[in-house]
Amino acid sequence: MPELPEVEVVRRGLHAAVTGGVVRSVEVRDERALKRHVGPALDFVDRLEGEVLGEARRRGKFLWVPMSGGAALVAHLGMSGQLLARPVGAVDERQLRVRIRLERGGADRELRFIDQRLFGSLAIDRLCVAGDDDVLPTQVAHIARDPLDPLFDEPAVIDRMRASTRGVKSVLLDQGIVSGVGNIYADEALWRARLHWARPAASISRAKVWELLGHVRDVFLDALAEGGTSFDALYVNVNGESGYFSRSLRAYGRAGEPCERCGTPIRREPFANRSSYRCPRCQRLR
DNA sequence: AGGGTAACCTGTATGC
DNA sequence: TGCATACAGGTTACCC
């Protein structure tokens with residue numbers, strides 16, 4: 001569920017809530033929430049306890065918090081993951097999977113990982129130096145920079161996208177080419193660019209792909225300004241608050257509603273075991 | 001190479 | 001009320 005804007009909202013919240021905290025204890029209530037951790041739950045707990053948490057970082061949809069010992073606490077929210085900063089003693093959420101008790105400035109609080117569907121997970125991972133001198137957790141090394149990254153190499157990404165004969169949406173969702181885009185924002189950017197999701201990327205002009213990436217960046221920034229997209233209580237920031245960008249969606253989830261440009265009803269179509277939404281008039285194949 | 005599919009999970013909405 | 005089905009923001013593996 002959470003795509004770049006939602007994950008970035010969480011990252012900013014983590015910065016305010018946990019940076020500088022010392023891990024006092026860790027409770028793993030469901031080991032399935034450690035899917036990305038190499039090793040048993042006990043190892044996860046041992047490597048986390050006593051560490052001082054640094055400043056939260058993000059690449060694409062991955063989050064991590066560097067720790068004093070040199071490793072990092074890595075999080076991916078999957079479809080339904082949440083990271084919440086809660087006071088000690090607050091009532092446990094139904095899907096609370098991992099509880100991390102922190103001490104900061106003499107006060108205790110909890111960083112909680114909640115995940116309904118368990119496609120997200122936490123892990124302790126070591127940091128490595130990736131291609132361009134970037135320090136990343138090893139499991140994040142294959143993730144490309146996102147369009148909001150100051151070092152995003154736009155001409156190189158345009159080349160890579162146009163080197164593919166795949167459908168343009170499939171390329172947008174490929175986190176190894178451009179990261180942070182998921183099903184919602186792919187459909188929104190394609191609507192803004194008037195492109196059909198199945199259009200082969202290689203058939204789109206350089207200028208048009210450049211425009212498309214501009215729309216991806218714009219829709220990310222628009223969503224960020226609204227606190228992200230929440231359809232229900234599944235996506236919330238670290239304080240448990242929803243975002244409001246769902247009001248501004250123009251394609252995603254709007255099947256049957258008139259396109260804001262031309263009035264034609266938005267259509268839902270099967271795509272890669274999920275759904276794509278497009279305007280059948282503005283976003284044609286040829 | 002890249003598409004289709006399934007697997008990993010739980011919860012909600014809908015229809016009968 | 002119950003039951004069956006479809007669907008949901010992601011990622012990865014495997015099979016053609």
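First the proteins, then the strands, lettered A, B, ... as listed; each starts at 1.
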Is R57(A) atom CZ crowded by more than 12 heavy atoms from other residues, nucleotides or ligands, each under 6.0 Å away?
no
Mind calculating the distance between CZ (F271(A)) and P (dG10(C)) to the nearest angstrom?
11 Å
Give, ordered by number, those residues of residues 154-161 of chain A having at least one heavy-atom distance below 4.0 Å to an atom of DNA chain B; if nothing qualifies, reply none.
none
Do W210(A) and S205(A) have side chains that get closer than 4.5 Å, going by heavy atoms?
no
Atom-to-atom span, CG of D174(A) to P of dA13(C) - whole angstrom
14 Å
Who passes side-chain hydrogen bond (donor to acceptor under 3.5 Å, both in side chains) against D30(A), sequence neighbours left out?
R32(A), R97(A)
Interatomic distance, R94(A) CZ vs dC9(B) P [rounded to whole Å]:
18 Å
Is there a residue in residues 112-127 of chain A whose heavy atoms reach under 4.0 Å of DNA chain B, and which residues are they?
Q116(A), R117(A), F119(A)
Where the side chain of E27(A) meets the backbone of V98(A), is there a donor-acceptor pair that is under 3.5 Å apart?
no
Distance check needed: dT12(B) C1' versus D232(A) CG, whole Å only.
9 Å
Tell me whether the OP1 or OP2 atom of dA8(C) has a side-chain N or O from S275(A) closer than 4.0 Å.
yes
Residues two or more places apart in sequence or in another chain: which of them pass salt bridge (charged side-chain N to carboxylate O under 4.0 Å, His left out) with D218(A)?
none
Do V216(A) and V178(A) make a side-chain contact, defined as non-hydrogen atoms from C-beta onward lying under 4.5 Å apart?
no
P atoms of dC8(B) and dC3(C), separation to the nearest Å:
24 Å
Output all residues satisfying salt bridge (charged side-chain N to carboxylate O under 4.0 Å, His left out) with R166(A), sequence neighbours left out; order by chain, then residue number.
D174(A)
Rounded to whole Å, the OH-P distance (Y185(A) to dG10(C)) equals 10 Å
How would you list all residue pairs meeting side-chain hydrogen bond (donor to acceptor under 3.5 Å, both in side chains) that involve residues 150-161 of chain A, not counting sequence neighbours?
E154(A)-R217(A), D159(A)-R206(A)
Any base atoms under 4.0 Å from F231(A), or only sugar-phosphate, or nothing? Heavy atoms, all strands.
base
Just do the ring-ring contact (aromatic ring centres under 6.0 Å, His included) check on Y252(A) and F245(A) with the steps written out, would you?
CA-CA 11 Å; Y252(A) 185 86; F245(A) 192 69; over 10 Å; no
Pair listing, salt bridge (Lys or Arg N to Asp or Glu O under 4.0 Å) test, anchored in residues 119-129 of chain A, at least two apart:
none
Return the nearest nucleotide to the side chain of M79(A); candidates are dA8(C), dT12(C), dT12(B).
dA8(C)
Nearest to the R268(A) side chain among dC7(C), dC9(B), dG11(B), which nucleotide is it?
dC7(C)
Can you tell me if the side-chain N/O atoms of K61(A) get under 4.0 Å from OP1 or OP2 in dT11(C)?
yes
Any pair counted as side-chain hydrogen bond (donor to acceptor under 3.5 Å, both in side chains), so long as it reaches residues 61-79 of chain A, sequence neighbours left out
E51(A)-S68(A)
Nucleotide dG10(C), atom P - distance to CZ of R36(A) in whole Å
12 Å
Under 3.5 Å between N/O atoms: give me all the protein pairs with nucleotides 1-5 of chain B, atom names plus distance.
from, atom 1, to, atom 2, distance (Å)
dG2(B), OP1, S164(A), OG, 3.4

Strictly by salt bridge (Lys or Arg N to Asp or Glu O under 4.0 Å), give each pair with a member in residues 241-251 of chain A just once, sequence neighbours left out.
E226(A)-R247(A), R250(A)-E260(A)
Which residue in the set K169(A), R192(A), R267(A), R254(A) passes salt bridge (charged side-chain N to carboxylate O under 4.0 Å, His left out) when paired with D187(A)?
K169(A)
Got a sec: does the CD of E31(A) have more than 12 other heavy atoms crowding it under 6.0 Å?
no
What pairs with E211(A) under salt bridge (charged side-chain N to carboxylate O under 4.0 Å, His left out), at least two apart in sequence or on another chain?
K208(A)
For atom CG of L77(A) and atom P of dG10(C), their distance in whole Å:
11 Å
Nearest-Å distance for atom pair CZ/P, residues R274(A) and dA7(B)
17 Å
Identified stems (criterion: three or more consecutive Watson-Crick or G-U pairs, under 3.5 Å), DNA chain C:
B:2-8 with C:10-16, B:10-16 with C:2-8
Which whole number of Å gives the distance between the C1' atom of dC9(B) and that of dG2(C)?
23 Å
Presence of H76(A) side-chain N/O under 4.0 Å of dT11(C) phosphate oxygens OP1/OP2:
yes
